[in-house]
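What follows is a single structure, written as structure tokens, with notes after it.
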Amino acid sequence: DVKVTQSSRYLVKRTGEKVFLECVQDMDHENMFWYRQDPGLGLRLIYFSYDVKMKEKGDIPEGYSVSREKKERFSLILESASTNQTSMYLCASSFPGLAASTDTQYFGPGTRLTVL
Amino acid sequence: GENVEQHPSTLSVQEGDSAVIKCTYSDSASNYFPWYKQELGKGPQLIIDIRSNVGEKKDQRIAVTLNKTAKHFSLHITETQPEDSAVYFCAASPGGGADGLTFGKGTHLIIQP
């Protein structure tokens, strides 16, 4: 079974703090993604990565950065956390390929971040 | 970019009845349409997906239909059971999912006993 783990289920930070959210997958997937989920807005793509040291902006990258130093690990960084970044953050991974089943995105359980 | 609209936001059905959730998309280049189920406290889990070269796909009690001309796709759940209660999300992607998904806002499905 594919397993995507996220470092924390719940996190509380202060405004202005630098925040790191970690995601690890154990299936040698090349693609990894960060989404945020807010009530009534669904999931929105923040950043994604095709490979180590590669990153692409999603729909809402402002206020975030990412790091992918190893294939299995994808980190989301909030350089200076703000209250409007209070949200559920979901990490996902997929293995790119021609077969439909290989594009499936597998999600972690999420990190609920509260910025005070 | 892609925009996905999902309706209804809440759907309540009697156990054993069918449930239908509908989505529309804006980008005619989208070619991959997955559906995810999210239970309380968990991440979304893929339940079924369809590609643009297929009009319908079925997996036991779950089916998805796609109308490329009208740019809409639907999830059908038959013989609903209490464990079907969850939030369901549709999504679309022009890149087969490899470059991220655009999600609808979700449907809270409630199965009444």
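Only a predicted model underlies this, so the values are computations on that prediction, with no experimental measurement involved. Chain A is the first sequence line, chain B the second, and so forth, proteins listed ahead of strands; every chain is numbered from 1.
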Determine, using the 4.5 Å side-chain heavy-atom cutoff (strictly less than), whether [X] and [Y] are members of one ILVMFWY cluster.
X	Y	answer
B:Val13	B:Val20	no
B:Ile48	A:Phe107	no
B:Ile47	A:Val4	no
A:Met88	A:Leu11	no
B:Ile50	B:Phe89	no

For atom [atom1] of [X], is the number of surrounding heavy atoms from other residues, nucleotides or ligands below 6.0 Å larger than 12?
X	atom1	result
B:Gln60	CD	no
B:Glu79	CD	no
A:Lys71	NZ	yes

Check: [Y] and [X] side chains under 4.5 Å, non-hydrogen atoms:
X	Y	value
B:Pro44	A:Leu43	yes
A:Tyr35	B:Leu101	yes
A:Leu45	B:Thr102	no
A:Gln105	B:Tyr36	yes
B:Phe103	A:Leu41	no

Review point. Applying a criterion of heavy atom separation less than 4.5 Å, what residues of residues 104-113 of chain B form contacts with chain A?
Key: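 So the qualifying residues are B:Gly104, B:Lys105.
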Check your understanding: With only heavy atoms counted, which part of A:Gln37 is less than 4.5 Å from chain B, the side chain, the backbone, both or neither?
Key ->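 Side chain only.
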**Study point:** Contacting moiety of A:Asp59, where chain B heavy atoms sit under 4.5 Å
**Key:**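 It is the side chain, since no backbone atom gets that close.
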Exercise for review: Tell me the residues of residues 108-116 of chain A whose non-hydrogen atoms fall below 4.5 Å from those of chain B, in number order.
Suggested key: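 So far as heavy atoms go, A:Gly108, A:Pro109 are the residues that approach chain B to under 4.5 Å.
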Check your understanding: Can you check whether B:Gly41's main-chain N or O pairs, donor with acceptor, with A:Arg9's side chain at less than 3.5 Å?
Key ->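 Yes; at least one donor-acceptor contact below 3.5 Å.
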Check your understanding: Is the side chain of A:Tyr106 donor-acceptor paired with the backbone N or O of B:Gln45 at a distance under 3.5 Å, no angle test?
Key ->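 Flag not set: sc A:Tyr106 to bb B:Gln45 has no pair under 3.5 Å.
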Exercise for review: Name the region of B:Gln38, side chain, backbone, both or neither, that has any atom closer than 4.5 Å to a heavy atom of chain A.
Suggested key: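 Interface part for B:Gln38: side chain.
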Review point. Under a 4.5 Å heavy-atom cut-off, does chain A meet the side chain of B:Ser9, its backbone, both or neither?
Key: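 For B:Ser9, neither part sits under 4.5 Å from chain A.
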